[in-house]
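All heavy atoms count here, side chains included; hydrogens, waters and symmetry mates do not. As the structure is a computational prediction, the values presented were derived from the model and not from experiment. Each residue takes its place number in the sequence, starting with 1.
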Amino acid sequence: MEESAVSEASFCLQKITITDYSKDDYQYEEVPADDEFSLQEDDEDLSKALQTIQEQTEDAHILALQSVLTSEKSVSEIPEAMDDFFCNFLVRLGMSRTLDCFQTECKAKEAFLKMQKERDFHRMHHKRVVQEKNRLICDIKRLKAHYASYEPVLKQLTEKYQTTLRQKMLTSLERDRAVEQVTGLQATLRNLESGYAVQSPVRKAGHECARKKGLEGPTQKALQEARQQKMLDAERSSYGPVKDSEKIGKRYPKDSEFPADTHANPFLARAKECTQPLKTGEYRLGNTLKVHDLAVSCLAIHPQKDVVVTGSDDRLWKMWALPDGNIIMTGEGHADWLSGCCFHPSGTQLVTSSGDATVRIWDLSKRGCILTLEGHIQAVWDCSWHSCGDFVASASMDNTSKIWDVNSERCRYTLRGHKDSVNSIEFLPFSNTILTSSADKTLSLWDARTGLCVHTFYGHLHSCNHATFNMKGDTIASCDSCGILKLWDIRQSVPIMSTDAGPGSANQAAFDYSGRAVAVASGNGSVKVLYLELGQLSSLRGHGEEEVHSVAFDHKAGRLLSGGADGMLCLWT
């Protein structure tokens, strides 16, 4: 009997359905106006009667709406009452499993309704996101079209700019050639008037330059013009002393000549001798020297001796003997932190760059500064010496680089093209090619003889901190502020390798003598060494957690040197 009662109850539960009530199920009776009000023919106030009837109709309608709302409220309460009734019924009969199933279904219904509401909310939010996405896509297309309309103009302006620069360089060359001819004619005239034989102007020794032909004898017209010029000079001298610029026809007679790119790199033979295979973990910390009180910002190794120069934020540079670390010399004169240093190819002089926007040249035998080059308007980040020893290049925060003539003590060219700070600069050994890296995420190759950009490398996504050549001059290593190290093929102008040397920024890169290993000064306190043949990256710890600013290979002794923000110089052997 109990089982049949249970089955009947479950059957009743399955059959019971709750119908939704609508407003149409509730009818109300409208009271006709004719039953309560009868209009007499002699009623003169007809409008008042009509108004009374309308008010009565509105009151009846309001009462009907109140009854409907009351019925809706009762209908909404019916399901809850039915649920309680079924629960009590099942409890009375002891049908616990059926009660659990019923309560589970009620909870599932509530969860289902909640999920429906969440679905509707997310669907609405998704529609809004899609609308915003479509709007952004339309804006991007509009901006691309707007930018494309400017591309022809920008290309035309760039071509005009390059053409103007070339014309300027050609004009400068023609001007120098004309001034040189005038100088030769004046010298010939002085020799003729003094009774000496005609001699060609003498060039400074050590520079390769073809001598001008056709100066064996001046023409009558040239003689006459030269005599008139001499008479004018005599008249000027009667009124005052003649300036040096008037006596000498050439504007800058001390200017050096760039050597021809025909010199072979003598270090290539030594680089080919380095054929031993490299192994990971080869370098071990050999010695640690406390060289400065503040951060070591740069270092340079002497080309011939076991000597290293370190520059620091304390405005000093110091020279140390390796490997013991005995101090040899200290140089002071900069008004702000040092950022770069480089030895003269002969090792007798040193060039330094500083945050005081100057470049200084130091004579090591005289233990002092012999020349200060001023022209940058912001801090100078790096400096480099040409292999011939007559030119110095500097890179600055003012978005420009400069080529300085050491003999004439002036700026020969200003390299313009980068759109942000130029962070490093380097001459290709025994060449007139210059490599620069910039915060505009690019590298550029320049011709030092003309000051023009030859090629620009694109690929870095962050500020490029440093770039350097390998010994053969066919590969470039560059690193950026996100720790990415890239290798570039100069001949094909494409990247050949990209490695993440992070975390932390990559501040400087250096090739070893064989060109098969690259060291990176990392911002996380380590020196990373990438072995190209193995494709492996090792980490050298010696500066603690302090940032490493500079690295360099000692090609003579096979050491690796690193300088960090802790003022320490680490020697890895």
- Does a side-chain heavy-atom distance below 4.5 Å link Tyr413 with Leu452? no
- Message: If we ignore hydrogens and angles and just use 3.5 Å, is the side chain of Lys290 paired with the main-chain N or O of Asp566 as donor and acceptor?
- Response: yes
- Query: From Ile476 CD1 over to Asn470 CG, what is the distance, rounded to the nearest 0.5 angstrom?
  - Reply: 9.0 Å
- Message: Are more than 12 heavy atoms, taken from residues, nucleotides or ligands other than Lys160, located less than 6.0 Å from that residue's NZ atom?
- Response: no
- Task: Could you tell me whether Asp474 and Arg491 make a salt bridge, using a distance below 4.0 angstrom between a side-chain N and a carboxylate O?
- Result: yes
- Shortest non-hydrogen pair, Met397 vs Ser421, comes out as CA-OG, 3.4 Å
- Message: For the CG atom of Leu136 and the NZ atom of Lys141, what is their distance to the nearest 0.5 Å?
- Response: 12.5 Å
- Polar side-chain atom of Ser438 near backbone of Asp420 as donor-acceptor pair, under 3.5 Å: yes
- Query: Side-chain contact, heavy-atom cut-off 4.5 Å: Cys464 with Leu443?
  - Reply: yes
- Query: How about Lys486 and Met497: do any of their side-chain heavy atoms sit closer than 4.5 Å?
  - Reply: no
- Message: Ring centres under 6.0 Å, that's the criterion: do Trp337 and Trp317 meet it?
- Response: no
- Among Thr372, Asp314, Thr352, whose side-chain hydrogen bond (donor to acceptor under 3.5 Å, both in side chains) with His334 holds? Thr352
- Shortest non-hydrogen pair, Leu299 vs Gly563, comes out as CD2-N, 3.7 Å
- Is a side-chain donor-acceptor pair under 3.5 Å present for Glu426 with Thr468? yes
- Item | Separation between CG of Leu569 and OG of Ser562, rounded to the nearest 0.5 Å | 7.0 Å
- Message: Tell me the closest heavy-atom pair linking Ile434 and Ala448, and the distance in Å.
- Response: CD1-CB, 3.8 Å
- Item | Spacing of Ile425 atom CD1 and Thr436 atom OG1 [to the nearest 0.5 Å] | 6.5 Å
- Query: At what distance, to the nearest 0.5 angstrom, does OG1 of Thr358 lie from NE2 of His376?
  - Reply: 10.0 Å
- Output for pair (Glu409 CD, Ile370 CD1), nearest 0.5 Å, gives 8.5 Å
- Taking NZ, NE, NH1 and NH2 as the nitrogens, is one of them in Arg516 or Asp512 under 4.0 Å from a carboxylate oxygen of the other? no
- Message: Run the side-chain contact (heavy atoms from CB on, under 4.5 Å) test on Gln349 and Trp385 for me, step by step, so that the C-alpha distance in whole Å, both residues' side-chain angles and the decisive distance to 0.1 Å come before the verdict.
- Response: CA-CA 10 Å; Gln349 294 180 346; Trp385 216 305; 3.5 Å; yes
- Would you check if there is a donor-acceptor pair between the side chains of His466 and Ser478 at a distance under 3.5 Å? no
- Query: side-chain contact (heavy atoms from CB on, under 4.5 Å) with Ser312: which of Leu294, Asp293, Val291, Leu338?
  - Reply: Leu294
- Message: Looking at Ser522 and Val527, would you say the former's side chain and the latter's main chain have a donor-acceptor pair under 3.5 Å?
- Response: no
- Message: Any heavy-atom pair between the side chains of Asp480 and Lys441 that's under 4.5 Å?
- Response: no
- Message: Let's go through Ile361 and Trp404 carefully: what are the C-alpha distance in whole Å and the side-chain angles of both, what is the deciding distance for side-chain contact (heavy atoms from CB on, under 4.5 Å) to 0.1 Å, and is it a yes or a no?
- Response: CA-CA 11 Å; Ile361 298 178; Trp404 306 88; over 6 Å; no
- Message: My understanding is that only one of Val551, Asn287, Leu560, Asp554 makes a side-chain contact (heavy atoms from CB on, under 4.5 Å) with Trp572; could you say which?
- Response: Leu560
- Any side-chain heavy atom of Phe511 within less than 4.5 Å of one from Leu487? yes
- Item | Closest contact, heavy atoms only, Asp363 versus Thr348 | OD1-O, 3.9 Å
- Could you tell me whether a side-chain N or O of Ser396 sits under 3.5 Å from a main-chain N or O of Ala379, the two making a donor and an acceptor? yes
- Task: May I ask you to test the Asp489-Thr475 pair for a side-chain heavy-atom distance under 4.5 Å?
- Result: no
- Tightest non-hydrogen contact, residues Asp382 and Gly340, listed as OD1-CA, 4.2 Å
- Message: Parallel, tilted or perpendicular, judged at 30° and 60°: which one describes the rings of Phe258 and Phe391?
- Response: parallel
- Item | Val454 and Trp446, any side-chain heavy atoms less than 4.5 Å apart | no
- Message: Would you say Asn507 and His549 are linked by a side-chain donor-acceptor pair, where the criterion is simply a distance under 3.5 Å?
- Response: no
- Query: Does a side chain donor of either His543 or Ser526 reach within less than 3.5 Å of an acceptor in the other side chain?
  - Reply: no
- Task: Output, in order, the C-alpha distance, side-chain angles, deciding distance and verdict of side-chain contact (heavy atoms from CB on, under 4.5 Å) for Tyr513 and Met471.
- Result: CA-CA 6 Å; Tyr513 220 90; Met471 193 58 64; 4.1 Å; yes
- Task: Would you check if there is a donor-acceptor pair between the side chains of Asn423 and Ser437 at a distance under 3.5 Å?
- Result: no
- Query: Do Asp500 and Ile484 pass the side-chain contact (heavy atoms from CB on, under 4.5 Å) test, and can you show the C-alpha distance, the side-chain angles, and the key distance before you say yes or no?
  - Reply: CA-CA 5 Å; Asp500 188 358; Ile484 301 299; 3.9 Å; yes
- Decide whether Thr414 and Lys402 meet the rule of one side-chain donor and one side-chain acceptor closer than 3.5 Å. yes
- State whether the side chain of His460 and the backbone N or O of His462 hold a donor-acceptor pair below 3.5 Å, judged by distance alone. no
- So does Gln162 have more than 12 non-hydrogen atoms from other groups sitting under 6.0 Å from CD? yes
- When you look at CD of Glu545, are more than 12 heavy atoms from neighbouring residues, nucleotides or ligands closer to it than 6.0 Å? no
- Query: If you measure only the distance, is there a donor-acceptor pair under 3.5 Å linking the side chains of Ser339 and Ser353?
  - Reply: yes
- Message: Tell me whether Arg410 is salt-bridged to Asp405, with the criterion being a basic N under 4.0 Å from an acidic carboxylate O.
- Response: no
- Hey, are the side chains of Arg360 and Val380 touching, using non-hydrogen atoms and a 4.5 Å cut-off? no
- Query: What are the two closest non-hydrogen atoms of Leu537 and Ala501, and how far apart are they?
  - Reply: CD2-CA, 4.0 Å
- Side chain Ser401, main chain Ala395, donor-acceptor under 3.5 Å: no
- Going by atom types only, do His455 and Ser444 share a side-chain donor-acceptor pair under 3.5 Å? no
- Message: Under a 3.5 Å cutoff, is there a donor and acceptor pairing between the side chains of Asn407 and Ser256?
- Response: yes
